[in-house]
Amino acid sequence: MPASATLTISISSHSLPELPEVENVRRALQPVMEGARFEKVVAHRPDLRVAFPARFATRLTGETVLRLRRRGKYLVADLSSHETLLMHLGMSGSFRIDFTTPGSFHYPRGAARAHDHVVFHMSSGAKITFNDPRRFGLMDLIATEMLPEHRVFRFLGPEPLAAEFDAAVLARVARGKKTTLKAALSDQRVIAGLGNIYASEALYHARLSPLRRASTIATRGGTPRDTARRLVAAIRKVLNEAVERGAAPEGGGDAGADAAHRFSVYDREGRRCRRRACRGVIRRIVQTGRSTFYCPVCQV
DNA sequence: ACACGGACCTGAAGGC
DNA sequence: TGCCTTCAGGTCCGTG
């Protein structure tokens, strides 16, 4: 194919970017970023939620991505310069990858679109474009060794898909919390990566009411309660299934399958609870300014 | 770091 | 048809 031919792949989820969506973005970017060098960086609009750091493009150019990781909802690219590129998708962030033939002297073309804020031209031949209409996203550069102390990571809760995350860990972070279970689950300081959607979903699968005080799942006499175990299993289940669903090849023409089909409770107000023999109807309430969906019959 | 509510931002959706 | 309002939510920040 001609050197200017390009193939565009959009990496955007149909739901908001919580842990599973960010993980799938990471998996898509990993092959074209890891081991590749930034040949050219263009920041069209550096006023995202947090303004870009000084000399952003210059500091990136020429550096190699050693590793592309994820922590909570953050993408973390460790660079050969001992700096780390931190990326957050906010609510509406997405990436596009334009490929061209390896060794081409031309950058992939791929037309610019509204709300394209950052473009990475990688030595892998990929042109990676960050698009974010709402501009709640973030890009930052931090000295790698300072990362754990960075304001973003310093108080970030445990990784829910890590092996170490168990009922004891959950009980510990929930201990003494006077707030509701729903508010606690979507608090990044309690657990990293759960957002409004998967917090509702996890509580449904754990059969726990979003209105419960968070501290009620904590330990009693040093033994994690059954509720903590159930909640850990439910969190793992909803996150893992969403990661797998997102990794599945799209197509079939139903890419826009609505939330009512993908979720158990989220955006299903007024519809029947899916649990067998449960006659409940999904209810929507507002907690800390955000929608919560739950079954008032089987979540107690 | 104790908890909550408002602000930020834009596109989609609903009302009249 | 078209204009206007409302809603969505991740995170930060100010306030109680």
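What you see is a predicted model; the values in this text were computed from it and never measured. We name chains A, B, ... by the order of the sequence lines, and we start the count at 1 in each one.
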For a quick check of understanding: with a heavy-atom distance under 4.0 Å over all strands, which category does R284(A) fall into, base, sugar-phosphate or nothing? sugar-phosphate

Nucleotide nearest F155(A) (side chain, heavy atoms from C-beta), chosen from dT11(C), dA1(B), dA8(C): dA1(B)

Show the distances under 3.5 angstrom between N or O atoms of the protein and N or O atoms of nucleotides 12-16 of chain C.
residue, atom, partner, partner atom, Å
dC13(C), OP2, R151(A), NH2, 3.1

Can you tell me if K177(A) touches the phosphate of dA1(B), counting only side-chain N or O atoms and a distance under 4.0 Å to OP1 or OP2? no

Measure the distance from CG on L194(A) to P on dG9(C) and round it to the nearest whole Å. 15 Å

Between R134(A) and D132(A), does any NZ, NE, NH1 or NH2 come within less than 4.0 Å of an OD or OE carboxylate oxygen? no

Tell me, do M122(A) and R37(A) make a side-chain contact under 4.5 Å, heavy atoms counted? no

From CD of E18(A) over to C1' of dT11(C), roughly how many Å is that when rounded to an integer? 13 Å

Quick one about S209(A) and Q299(A) (side-chain donor to acceptor, distance below 3.5 Å, no hydrogens or angles considered), yes or no? no

Report the distance from atom CD1 of I285(A) to atom C1' of dC7(C), rounded to the nearest whole Å. 18 Å

For S291(A) and K73(A), take the nucleotide of DNA chain C holding the closest heavy atom to each; which residue's nucleotide lies nearer the 5' end? S291(A)

Could you tell me how the ring of F120(A) sits relative to the ring of F56(A): parallel (under 30°), tilted (30 to 60°) or perpendicular (over 60°)? tilted

Does any donor atom in the side chain of S94(A) or N131(A) lie under 3.5 Å from an acceptor atom in the other side chain? no

Side-chain N or O of T179(A) versus OP1/OP2 of dC4(B): is the shortest distance under 4.0 Å? yes

Any donor-acceptor N/O pair, N24(A) side chain to V243(A) backbone, under 3.5 Å: yes

Nearest-angstrom distance from the residue atom OH of Y198(A) to P of dG9(C): 13 Å

Take atom CG of D267(A) and atom P of dC7(C), then tell me their distance rounded to the nearest Å. 15 Å

Where along residues 182-193 of chain A does a heavy atom come under 4.0 Å from DNA chain C, residue by residue in number order? Q188(A)

Atom CZ of R59(A): over 12 foreign heavy atoms under 6.0 Å: yes

Among side-chain atoms of D116(A) and T129(A), is any donor-acceptor pair under 3.5 angstrom? no

How many Å lie between CG on L19(A) and C1' on dT11(C), as a whole number? 16 Å

Quick one: R154(A) CZ to dA1(B) C1', roughly how many Å, whole number? 11 Å

Do K182(A) and T292(A) pair up side chain to side chain, a donor and an acceptor below 3.5 Å, judged on atom types alone? yes

When G176(A) and R290(A) are each assigned the nearest nucleotide of DNA chain B, the 5'-most assignment goes to G176(A)

Just how far is it from atom CD of E83(A) to atom CG of L147(A), taken to the nearest 0.5 Å? 11.0 Å

Taking the six-membered ring of Y204(A), is the NZ or CZ of R275(A) close enough (under 6.0 Å from the centre) and on axis enough (within 45°)? yes

Sub-3.5 Å pairs of nitrogen or oxygen atoms, protein against nucleotides 9-12 of chain B:
residue, atom, partner, partner atom, Å
dC9(B), O3', R135(A), NH1, 3.4
dT10(B), OP1, R135(A), NH1, 2.5
dT10(B), O2, R134(A), NE, 3.1
dT10(B), O2, R134(A), NH2, 3.4
dG11(B), OP1, H115(A), NE2, 2.6

Ionic contact status for E21(A) with K73(A), cut-off 4.0 Å: no

May I have the distance from Y266(A) (atom OH) to dC7(C) (atom C1'), rounded to whole angstrom? 10 Å

